[in-house]
Amino acid sequence: MGNSSLQIIADNISVIASPTTWIEGGAIQQLQTTAKLPGMRRVAGMPDLHPGRGYPVGAAFFSVDRFYPALIGGDIGCGMRLLKTDLSTAKLSLDKLVKRLGNLDAPLIDQSDFWQERVNSCQMQDTGFEHSLGSIGGGNHFAELQQFDAIFDQTLFASYALDRKQMMLLVHSGSRGFGGQILRQHIDQFGHEGLLAESASAAAYWAQHARALQYAQANRSLIAERICANLSSAAETVLDIHHNFLSEISINGEHGFLHRKGATPADPGLLIIPGSRGDYSYLVQALDAELSCLSLFSLAHGAGRKWMRSECEARLSKRYTAAQLSRTALDSRVICHDKGLIFEEAPEAYKSIDSVIFSLQEAGLIHLVAKLKPLVSYKTSGACCV
DNA sequence: ATGTCC
């Protein structure tokens, strides 16, 4: 009964992390600050917890009477989409794969009549952000081709119709500028006070939030379609799951609002928790644990940052050139022609995914299905250098 | 994170 991965910080603050998982003090501080917001009942840090802009990332927050759009952040609907391609990993050339991937940065809507029709079919004209649909964005967003490295539960693996030799595609993106605009307009009007659940402004936020979730999912879908077209591959979607979103929930008979910011919902079915570009990704199932109330029915959404973006280049540029960082310890390729970003997203800047997965496992929150290894991680072909 | 804040 692994409760050494359950840290009780206060009676309403818990963190799921083994003693060996790196949790920055500033993140705990942000968790404590957030726990004091009016109506806040419970906050839970995941093992990938790290400091964010004002509020922590890798956490879930349960409030009553009111909710806080700022806790969801600007990238409303950010999440993971995993697909199985029809490409075999048996005899693959990474060079060829990189070449075939091509450039995914330009607005998809401008690529051809076909793509314009595909983008239009998402019915996002009214958002004013149609031109961002089908491109990945910046920060920690990526698209990654992966291959299975280990299967932990053959029966479950087979039950999801997965094939050990099939190349997988993981897309991590969100609502881009559209969600950012929603948050910005909200903050301009209401600041950080949150919205009373019954108010008209709360209803307006719910409508915008729902639209941003649709946009984010459409974006991941188009990115995947674009990549598969470049690779001449068919693809089948295995999962598409948001990790930044608001939902209504009752906990211990009390109705309220569950904010997830970088927290994967511990729902039934297959889930993916990816490591950094130089690390593995884990396919897992959530376990229906007694602890679920303390973890707010959530899991980690990735490895979690260890270093601030602003310190990465200074810490790494003495050890590595940008060109060296375009290969990883797992022999995968990194397509990131943005010198700042290639340092910011270096594997060294992230926690070890094994420590995150171990924490969730020891807390009894997950069951492992399989492990994937990166082949090609795509960030951006644009910008400069390398 | 971001057609990247003034």
Side-chain angles (χ1 to χ4, degrees), chain A residues 27 30 48-59 68-81 103-111 119 124-143 171-189 191-192 208-209 211-213 215-220 222-223 242-246 259-263 274 276-277 301-313 336-346 349-350 377-385:
Chain A
Q30 287 184 336
D48 56 336
L49 182 75
H50 63 91
R53 270 202 70 71
Y55 309 105
V57 181
Y68 296 87
L71 290 181
I72 305 301
D75 201 7
I76 304 161
C78 186
M80 300 288 173
R81 186 184 190 90
N103 189 320
L104 307 169
D105 299 343
L108 187 59
I109 198 166
D110 296 337
Q111 296 310 292
V119 172
M124 291 291 160
Q125 292 86 343
D126 61 305
T127 65
F129 286 88
E130 248 199 327
H131 54 275
S132 294
L133 282 170
S135 59
I136 292 164
N140 60 359
H141 292 171
F142 64 83
V171 176
H172 177 209
S173 193
S175 59
R176 313 282 309 279
F178 178 45
Q181 184 185 71
I182 293 171
L183 177 66
R184 188 199 165 92
Q185 286 171 355
H186 167 81
I187 297 293
D188 284 350
Q189 197 174 355
H192 291 253
Q208 294 176 311
H209 171 271
R211 198 80 181 114
L213 296 190
Y215 181 103
Q217 199 159 49
N219 189 32
R220 290 189 290 270
L222 286 171
I223 292 165
H242 308 295
H243 49 231
N244 292 352
F245 70 107
L246 182 66
H259 312 65
R260 287 191 176 92
K261 176 55 188 264
S276 74
R277 69 186 185 213
H301 78 310
R305 292 199 74 83
K306 200 167 62 184
W307 297 348
M308 281 190 302
R309 291 187 177 279
S310 53
E311 64 182 347
C312 296
E313 186 160 355
C336 182
H337 295 227
D338 176 321
K339 192 163 175 267
L341 195 57
I342 202 168
F343 285 107
E344 289 178 18
E345 291 292 311
Y350 282 84
S377 304
Y378 186 101
K379 300 290 285 185
T380 175
S381 296
C384 56
C385 353

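Note that these values count all heavy atoms, side chains included, but never hydrogens, waters or copies made by symmetry. Computed from a predicted structure; not experimentally measured. Throughout, a chain's letter reflects where its sequence line sits, starting with A, and its residues are numbered from 1.
Atom-to-atom, NE2 of His131(A) to C1' of dT4(B) comes out at 13 Å; the value is rounded to the nearest Å. If you measure from atom CG of Asp75(A) to atom P of dT4(B), you get 15 Å, rounded to the nearest angstrom. The separation between Arg176(A) atom CZ and dT4(B) atom P is 11 Å, rounded to whole Å. In this structure, Ile136(A) atom CD1 and dT2(B) atom P are separated by 11 Å, rounded to whole Å. As a whole-Å value, the separation of Arg53(A) CZ from dT4(B) P is 16 Å. Rounded to whole Å, the distance from CG on Leu183(A) to P on dT2(B) is 13 Å. Distance CD1 (Ile182(A)) to P (dT2(B)): 14 Å, rounded to an integer number of Å. Distance, Asp188(A) CG to dT2(B) P: 19 Å, rounded to whole Å.
Partners of His50(A) by side chain to side chain donor-acceptor pair (under 3.5 Å), not counting sequence neighbours: none found.
Sorted by first and then second residue, the side chain to side chain donor-acceptor pair (under 3.5 Å) pairs with a member in residues 72-81 of chain A read Asp75(A)-His141(A), Arg81(A)-Thr237(A), Arg81(A)-Asp240(A); sequence neighbours excluded.
Residue Gly138(A) is classed as a sugar-phosphate contact, given heavy-atom separations below 4.0 Å to backbone atoms only. Within the nucleic acid shown, Gly180(A) has no heavy atom closer than 4.0 Å to any nucleic acid atom. Across all strands shown, Gly128(A) has heavy atoms under 4.0 Å from base atoms, whether or not it also approaches the sugar-phosphate. Within 4.0 Å (heavy atoms only), Gly137(A) reaches sugar-phosphate atoms of the nucleic acid but no base atom.
His131(A) and Arg176(A) share no side-chain donor-acceptor pair at under 3.5 Å.
Aromatic ring centres of His243(A) and His172(A) lie closer together than 6.0 Å.
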